Amino acid sequence: MLLSLRWIAGAIIVVVVPIVGSAAEPGAAGRIKVVSGPVFVVRANVVTPATAGQTLFEADTLRTGANGRVGITLNDDTRVSLGPDSEARLDQFVYAPAEKRGGLVLKVVRGLIAYVSGRIAKLSPDAVKLETPNAIVGVRGTTLVLRVDAK
């Protein structure tokens, strides 16, 4: 009897954990794929070291240190890389292909960023914008590199 209760308790934990884990990430925008050197995620004014595999959400900011680099892939297969001394914020991310809706606004505060457009640029070409302190770049399916110097 005791053995079967342990088995049932273990089965409940196995079943509940995946449900809780997936529910904890609604609205995820993508994942960090590669981290090198000092890289941080700022979420709700809390700064944490970035790790490969970490989930990113709308409104997250990525910051790299003097020799830091990070590569991310968003849910629509957009790829973004930041070089040393860079900062970018994911101001908006909407990817709902079944509803034919998508939008991406990435605010580049400073540094070097490489961008390869994903499916949002194909789905909603006017809905992808890279913002800098001095300009807004509309992206319609392309690969580009931006350098934004701090003031």
Side-chain angles (χ1 to χ4, degrees), residues 12-151:
I12 290 171
I13 289 171
V14 170
V15 171
V16 170
V17 169
I19 294 169
V20 171
S22 64
E25 297 187 345
R31 292 202 179 280
I32 295 175
K33 292 296 185 175
V34 179
V35 175
S36 174
V39 178
F40 303 93
V41 175
V42 182
R43 181 177 298 144
N45 294 322
V46 176
V47 179
T48 58
T51 58
Q54 184 175 359
T55 302
L56 293 174
F57 297 90
E58 187 176 76
D60 280 354
T61 297
L62 288 167
R63 288 185 188 150
T64 62
N67 58 352
R69 291 172 176 75
V70 64
I72 68 169
T73 301
L74 299 177
N75 291 342
D76 75 319
D77 290 328
T78 293
R79 291 174 303 203
V80 179
S81 298
L82 276 69
D85 287 324
S86 298
E87 181 175 340
R89 176 183 162 93
L90 187 58
D91 273 352
Q92 179 190 27
F93 183 81
V94 176
Y95 181 56
E99 301 165 22
K100 298 189 177 177
R101 289 186 318 116
L104 170 62
V105 177
L106 186 67
K107 185 173 194 168
V108 183
V109 177
R110 70 176 186 281
L112 186 63
I113 182 170
Y115 169 89
V116 178
S117 61
R119 289 186 223 125
I120 290 175
K122 294 176 182 130
L123 181 66
S124 306
D126 293 330
V128 178
K129 293 180 178 64
L130 303 179
E131 297 181 352
T132 72
N134 297 318
I136 296 174
V137 178
V139 177
R140 288 178 174 77
T142 191
T143 300
L144 60 90
V145 176
L146 288 173
R147 180 182 174 138
V148 177
D149 293 325
K151 291 184 177 186

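Fair warning: this is a prediction, and the values are worked out from it, not measured in the lab. Because only heavy atoms are used, hydrogens play no part in the values below, and waters and symmetry mates are left out as well, while side chains stay in.
The pair Lys107-Glu131 fails the salt-bridge criterion, with no side-chain N (NZ, NE, NH1 or NH2) lying under 4.0 Å from an Asp/Glu carboxylate O.
In terms of heavy-atom proximity, Val109 sits nearest to Pro133 at O-CG, 3.7 Å. When all heavy atoms are compared, the tightest approach of Ala66 to Pro84 is O-CB, 3.1 Å. Here the shortest heavy-atom pairing between Gly118 and Thr78 reads N-OG1, 3.1 Å. Across all non-hydrogen atoms, the minimal contact from Leu123 to Lys100 is CD1-CA, 3.8 Å. The two residues Ala52 and Val35 have their closest heavy-atom pair at N-CG2, 3.9 Å. Summarising the geometry of Gly83 relative to Arg69, their closest heavy-atom pair is CA-CG, 4.3 Å, with the distance given to 0.1 Å.
You'll find the side chain of Ile32 stays beyond 4.5 Å of the side chain of Thr51, heavy atoms only. Side-chain atoms of Leu112 and Leu82, non-hydrogen and from C-beta on, never get closer than 4.5 Å to each other. By the 4.5 Å heavy-atom criterion applied to side chains, Thr73 and Arg31 are not counted as neighbours. Between Tyr95 and Leu74, the closest side-chain pair of non-hydrogen atoms is not below 4.5 Å. Arg110 has its side chain out of reach of Ser86: every pair of non-hydrogen atoms, C-beta onward, lies at least 4.5 Å apart. Taking the side chain as every heavy atom from C-beta outward, Leu104 and Tyr115 approach each other to under 4.5 Å. The closest side-chain heavy-atom distance from Glu87 to Val42 is not below 4.5 Å.
Note: Gln92 CD to Ile120 CD1 = 8.5 Å, rounded to the nearest 0.5 Å. A distance of 11.5 Å separates CZ of Phe40 from CG of Leu62, quoted to the nearest 0.5 Å. One distance of note links CG of Asp76 with NZ of Lys122; it measures 9.0 Å at 0.5 Å rounding.
Between the Asn75 side chain and the Ala28 main chain, a donor and an acceptor come within less than 3.5 Å of each other. Between the side chain of Thr64 and the backbone N or O of Val39 there is no donor-acceptor pair closer than 3.5 Å. In this structure a side-chain-to-backbone donor-acceptor pair under 3.5 Å is present from Arg89 to Ala59.
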task: Check the pair Leu90, Leu106 against side chain to side chain contact (heavy atoms under 4.5 Å, CB included), reporting the backbone distance first and the verdict last.
output: CA-CA 5 Å; Leu90 187 58; Leu106 186 67; 4.2 Å; yes
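Surrounding CZ of Arg43 are more than 12 heavy atoms belonging to other residues, nucleotides or ligands, all under 6.0 Å away.
A side-chain contact (heavy atoms from CB on, under 4.5 Å) with Ile113 is found for exactly one of Thr132, Val148, Val80, Leu130, namely Val80.
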